[in-house]
Novice: 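The structure's right below; bear with me while I get my questions together.
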Amino acid sequence: MRPARGVAGARAAAGLGMALPPILLIALFIGFPIVLAFAFSLGFTGGLNHTIAVIGQNVHEADGAVPDLGAYTDTFTSQRFLGDLAVTVAVTLTSTTIVVLLAAAIGLYLKFRGGLVGKVLSGLAVVPLFIPVVIASWAILGFYSANGFLRSVAAQLGLEFPVWSFTMVTVVIGSVWTSLPFATLLVTSGLQAVPQAMIDAARDAGASFWRVVASVVLPMAGVPIIIATTFTAIGILGSFTVPYFTGPNSPNMLGVDMSNYFSAFNQPQQAVVMAFVVFAIASGIAAVYVWANFRSAKESGAV
């Protein structure tokens, strides 16, 4: 028993030693700055927060060990922040829904039809992966501008096409463009993993196409779809480049708003509060991702 315990202890120590470097790296470069920023948002402006507290404007300082919630009060009573928060949530929900529906449609077509059309669709869906986001943002901006392609074509037909540049419509379009490739890869792989025998059995029992999709395919591919949804939502929630280049000055998404408060308005404390609001929303989305992974591990017998 003692030698067996010694071997198990040595293996545990070796495993801990292998896992310790990345854990320390994350704690040093991610965990510590988060704790420092959270303390700054509560008014603790000493130590490493002293310089930014001196430079920044409208900084609230704690009274000894008593936190000061002035920065949170300023932020949550600001109509600008509330409008940007609403826009951020709306764009995230809308874009994520469109991305998942498009990815599911492409995956289902490949699963049930395949052929040249399916390959072309899946290939086109992955094209944005190889185009830099900055270039795509500028292209989208010009495409839907007042003198862009759609307006020019509509003018030739005697029609009036709306100008979408510098509106939240282009932000949604850009978010869908940048998020679709990864979601398509995840959803398509999940749908392809559904056993064909299950689909054939449902068809033999008289189930229609939509019945097979709703009762067999989507439930069995539910975990990959949930993971793709959570990754897409978190990516859009924290996006900066697309809303910065294609969106309006106000309202805009919180990623742009944080940058404005930190640099243009010189209010770093309020910017940190906004960052923690985004972090809280992302944590809620990440909880769904953790649940999906746990469920997948449980179904496979690993837990």
Side-chain angles (χ1 to χ4, degrees), residues 19 88-131 172-239 242 278-303:
T88 301
V89 174
V91 169
T92 300
L93 291 176
T94 303
S95 302
T96 302
T97 302
I98 295 174
V99 167
V100 173
L101 289 177
L102 289 175
I106 294 171
L108 289 173
Y109 193 94
L110 282 172
K111 182 67 177 178
F112 288 94
R113 294 285 184 179
L116 180 61
V117 176
K119 294 179 180 178
V120 170
L121 286 175
S122 61
L124 290 176
V126 182
V127 166
L129 199 63
F130 305 99
I131 300 177
V172 172
I173 294 172
S175 299
V176 172
W177 170 270
T178 56
S179 304
L180 184 59
F182 185 68
T184 300
L185 292 175
L186 279 179
V187 174
T188 300
S189 63
L191 293 174
Q192 291 296 327
V194 176
Q196 187 63 36
M198 301 291 292
I199 298 175
D200 294 337
R203 285 174 172 172
D204 293 340
S208 63
F209 169 77
W210 293 111
R211 182 75 179 190
V212 171
V213 171
S215 301
V216 178
V217 178
L218 292 182
M220 296 191 70
V223 173
I225 292 175
I226 291 175
I227 293 175
T229 303
T230 55
F231 271 58
T232 302
I234 292 176
I236 295 173
L237 178 68
S239 63
V242 170
V278 175
F279 179 75
I281 299 174
S283 298
I285 300 173
V288 180
Y289 167 76
V290 173
W291 170 81
N293 276 321
F294 179 79
R295 179 181 175 183
S296 177
K298 188 175 181 180
E299 289 177 352
S300 63
V303 178

Novice: Taking atom CZ of F279 as the centre, report whether more than 12 heavy atoms of other residues, nucleotides or ligands fall under 6.0 Å from it.
Specialist: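 Open.
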
Novice: Do any N or O atoms from the side chain of T178 and from the backbone of S175 form a donor-acceptor pair under 3.5 angstrom?
Specialist: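 Side chain of T178 to backbone of S175, a donor-acceptor pair under 3.5 Å: yes, one is there.
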
Novice: Looking only at heavy atoms, what is the nearest atom pair of G107 and Q192, with distance?
Specialist: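 Reported closest heavy-atom pair: O-NE2, 4.2 Å.
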
Novice: Which heavy atom in S239 sits nearest to a heavy atom in I236, and how many Å separate them?
Specialist: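 Scanning both residues completely, I find the closest heavy atoms to be OG-O, 2.8 Å.
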
Novice: With sequence neighbours left out, what residues match Y289 under side chain to side chain donor-acceptor pair (under 3.5 Å)?
Specialist: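 Result, side chain to side chain donor-acceptor pair (under 3.5 Å) vs Y289: N293.
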
Novice: Which pair of heavy atoms, one from A221 and one from P224, lies closest together, and at what distance?
Specialist: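 Closest approach of A221 to P224: O-CD, 3.2 Å.
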
Novice: State, to 0.1 Å, how close T92 and L237 come at their nearest heavy-atom pair, and which atoms those are.
Specialist: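 Smallest heavy-atom distance, with atoms named: OG1-CA, 3.7 Å.
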
Novice: Kindly say whether V217 contributes a backbone atom to a donor-acceptor pair with the side chain of K111 at under 3.5 angstrom?
Specialist: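 No, the answer is negative, given that no donor and acceptor are paired below the 3.5 Å cut-off.
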
Novice: Rounded to the nearest 0.5 Å, what separates atom CD1 in I199 from atom CG in D204?
Specialist: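 Here the interatomic distance stands at 12.0 Å.
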
Novice: About how many Å separate OH of Y109 and NZ of K119, when rounded to the nearest 0.5 Å?
Specialist: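 K119 atom NZ to Y109 atom OH measures 12.5 Å (nearest 0.5 Å).
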
Novice: What is the distance from atom CZ of F209 to atom CG of L108, rounded to the nearest 0.5 Å?
Specialist: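 Between atom CZ of F209 and atom CG of L108 there are 5.5 Å.
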
Novice: Please round to the nearest 0.5 Å and tell me the distance separating atom CD1 of I225 and atom OG1 of T232.
Specialist: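 Output value for this atom pair is 11.5 Å.
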
Novice: For A286 versus I234, what's the shortest heavy-atom pair and its separation?
Specialist: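 For A286 and I234, the tightest heavy-atom pair comes out as N-CD1, 4.2 Å.
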
Novice: Less than 4.5 Å apart, any side-chain heavy atom of L110 and any of L191?
Specialist: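 No - every pair of side-chain heavy atoms lies 4.5 Å or more apart.
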
Novice: Below 4.5 Å, heavy atoms only, C-beta onward: do L180 and P128 meet side chain to side chain?
Specialist: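 When only atoms from C-beta onward are counted, P128 and L180 do not touch, as no gap falls below 4.5 Å.
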
Novice: To the nearest 0.5 Å, tell me how far F231 CZ sits from I226 CD1.
Specialist: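 Going from the CZ atom of F231 to the CD1 atom of I226 covers 13.0 Å.
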
Novice: Is any side-chain heavy atom of T188 closer than 4.5 Å to a side-chain heavy atom of S122?
Specialist: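 Sidechains of S122 and T188: no contact.
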
Novice: Mark yes or no for whether T96, through its side chain, and L93, through its backbone, hold a donor-acceptor pair below 3.5 Å.
Specialist: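 Judged by distance alone, no pair lies under 3.5 Å.
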
Novice: What distance do S179 atom OG and I98 atom CD1 have between them, rounded to the nearest 0.5 Å?
Specialist: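 The CD1 atom of I98 is 11.0 Å from OG of S179, to the nearest 0.5 Å.
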
Novice: Side chains of V242 and W177, heavy atoms from C-beta outward: is any pair under 4.5 Å?
Specialist: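 No, their side chains stay 4.5 Å or more apart.
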
Novice: Any idea which heavy atoms bring I285 and A233 closest together, and the distance?
Specialist: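 For I285 and A233, the tightest heavy-atom pair comes out as CD1-CB, 3.9 Å.
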
